[in-house]
K.L.:
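One structure, pasted below without further comment.
Quick note on labels: first sequence line is chain A, next is B, and so on, each numbered from 1. Computed from a predicted structure; not experimentally measured.
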Amino acid sequence: MIELTQVRKVFPGGVTALDGVDLTIPDGEIHGIVGRSGAGKSTLIRCLTGLDSATSGSITIDGVDLGRVRGAELMTARRSIGMVFQHVNLLDSRTAAKNIAHPLEIAGVPAAARKRRVDELLELVGLADRAESYPAQLSGGQKQRVGIARALAAEPRVLLCDEPTSALDAATTRQILELIRELRDRLGITVVIITHEMGVVREACDAVSLLTEGSIERTGRLLDVISDTSTPLSKELIALPPISAMEPGETLVEVLVTAGSRLADVGRLFSLLAEHGVEAPVEAGTVETIQGAQIGRLHLRPDDAATAEGIRRVLVEQGVHAEVTTAAQVRAFADEHQAADAEEENQ
Amino acid sequence: MIIAAQDGLFLENEVFANQLPAAILETIFMTAATGLIVALLGLPLGIALHNLGPRGLAPRSATYRVVSILVDIGRSIPFIVLMISLIPFTRFMVGTALGWQAAVVPLSVGAIPFFARLVENALREVDAGKVEAVKMMGASSRHIMRQVQVREALPGIVGGFTVTLVALISYTAMAGAVGGGGLGALAYNYGYQRYQGDTMLACVVLLVIIVAILQWTGDRVSRTIDHR
Ligand SMILES: Nc1ncnc2c1ncn2[C@@H]1O[C@H](COP(=O)(O)OP(=O)(O)OP(=O)(O)O)[C@@H](O)[C@H]1O
Ligand SMILES: [Mg+2]
């Protein structure tokens, strides 16, 4: 279990990177931490590992505070943590295979067993044919995969990943995330994934926390956070493409169908609206199955304000979240929160 | 060959047959022995400097400053002064202050701090992230120094060692002029004091060749171990 209580980190020079972080991550959970650039995500993970020490507060992994223990105790504690770095940090003087073998060398695993494990891991990350390549001869994504294999080599109890997939294409990202989930299912490891890609959270995480200016603004099980429309995180997690062909003042209904609604599925929504005579064209929409539950987000574009209000009333009755707004407001939100993500997902 | 003409043909100069081979060997021995000592002592000193420094594994700012000043003093004393002032120490170490063996002592004392600084600089170039990644594997400081810092900086360290050896060659020549033997002594005793232009020329050419070979070898080694 990972536990943070009132963690503060003030860098010499006065930058407060973490400002009272409280977070509990139970064993076997895959926990996503999202937040804007500079929110303190890397700092948080560095404090977790004892690479940096918190100014105040306590951080423990399985009861051990890595910022406080020293020497042999710290070394032992770190061997049960695998870490994937934002900047990969492979050793240029070692081949891919030797980089992956490194934690095993340190743990004193005999050469034959080491070789077997490294071959297995290379296979796992799809780089069996690049075992003898040096990092300089690998692409960014390949390096990242070597970094992930290296983090997993010593079968850690906890896997900490700082932007593990930011250099990977969609297919490889999916493979890596599947791999992480599978490892969790098989070995019961606890995983923390720092990411700015909401897709990673949707696909891999059981729970998610939003870090804003050094403190946790929202944390919870993924489905709960998505269903909670009172915070922007919900909209960010299930993003829609930007509105292009609407006048700023035009009325729009924002709809979110979650596991909590009484609709059998998102398709039922349209027949329901038709029955009530309040139909509207769809401006944009996305439907996803997350952890077995169907989640749908729609932007409907009714002709007039009365229809909009009608739609809202019908849907709210069914436990569906619906909100009447304007194109301008939706655009403003997007500009503020999800510009980067929407771009990524359009690609 | 205006210089050579004053003394007749190169081949008639008996210094060439009698003294040149020995002088070449002396220069090589002097450089090799000093190089070995400098590598053995300068490398650890460089590693210590880096790791005591602000970005090292065990920063100790006071100790760092003291060691740093000592190293700079060692580097800034003119070699000729160092050589003369070290005579008692040299006598104590090798029993004499003359000959190439004796020259090794001041040469080493001068070159160790020089090389140590170059090592420190090479280690500083190693990305802190690499050190952190290996720390996270639960590695000891000893392991990090050997397998990460030195190994990753090795191309730079080899480059620094080459620079040190090349500098040493020119210092061996200076040492030669004051009783250290080698090509420098030959150039000084015959080329300068006895106006043998051809001896002087031969010594200079040989020194240039030795330097070129060293530099070429150093570059090659550095390139083979550099996988960046
Ligand atoms: N060593 C440091 N010294 C001083 N300030 C720092 C240091 N490291 C980080 N900061 C500051 O702390 C804040 C949080 O940085 P951090 O690297 O944790 O952000 P992040 O959430 O990981 O961002 P990104 O998504 O861009 O990686 C930033 O304002 C940064 O400038
Ligand atoms: Mg970061």
K.L.:
About how many Å separate NE2 of His143(B) and CE of Met75(A), when rounded to the nearest 0.5 Å?
P.N.:
10.0 Å
K.L.:
Please check: side-chain N/O of Asp92(A) versus main-chain N/O of His227(B), any donor-acceptor pairing under 3.5 Å?
P.N.:
no
K.L.:
Please flag which part of His87(A) lies under 4.5 Å from any non-hydrogen atom of chain B: side chain, backbone, both or neither.
P.N.:
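For His87(A), no heavy atom lies under 4.5 Å from chain B.
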K.L.:
Quick check against the 3.5 Å criterion: does Arg79(A) have a side-chain atom that pairs as donor or acceptor with the backbone of Gly138(B)?
P.N.:
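Yes, because the side chain of Arg79(A) sits within donor-acceptor range (under 3.5 Å) of the backbone of Gly138(B).
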K.L.:
Hey, does Met136(B) have a side-chain heavy atom less than 4.5 Å from the side chain of Phe85(A)?
P.N.:
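The answer is yes, as the side chains (C-beta and beyond) meet within the 4.5 Å cut-off.
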K.L.:
If we define contacts as heavy-atom pairs under 4.5 Å, which of Pro103(A), Ser93(A), Ser80(A) has the most with chain B?
P.N.:
Ser93(A)
K.L.:
Check each atom of Leu66(A) against the heavy atoms of chain B and say whether the ones under 4.5 Å are side chain, backbone, both or neither.
P.N.:
neither
K.L.:
Let me see the working for Arg46(A) and Glu132(B) under side chain to side chain contact (heavy atoms under 4.5 Å, CB included), right down to the final yes or no.
P.N.:
CA-CA 10 Å; Arg46(A) 289 173 56 82; Glu132(B) 291 189 342; 2.6 Å; yes
K.L.:
Does any non-hydrogen side-chain atom of Val134(B) lie less than 4.5 Å from one of Leu91(A)?
P.N.:
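Sidechains of Val134(B) and Leu91(A): in contact.
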K.L.:
Got Gln147(B) and Arg94(A) here, is their nearest side-chain heavy-atom distance under 4.5 Å?
P.N.:
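Side-chain contact under 4.5 Å: yes.
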K.L.:
For Glu123(A), I'd like to know if atom CD has over 12 heavy atoms of other residues, nucleotides or ligands within 6.0 Å.
P.N.:
no
K.L.:
Work out which heavy atom in Gly129(B) is nearest to a heavy atom in Asn89(A); give both atom names and the distance.
P.N.:
O-ND2, 3.1 Å
K.L.:
Is it the side chain or the backbone of Ser140(B) that comes within 4.5 Å of chain A heavy atoms, both, or neither?
P.N.:
both
K.L.:
State whether the number of non-hydrogen atoms from other residues, nucleotides or ligands found under 6.0 Å of Phe161(B) atom CZ is greater than 12.
P.N.:
yes
K.L.:
Going by heavy atoms in the side chains, are Arg150(A) and Met137(B) under 4.5 Å from each other?
P.N.:
yes
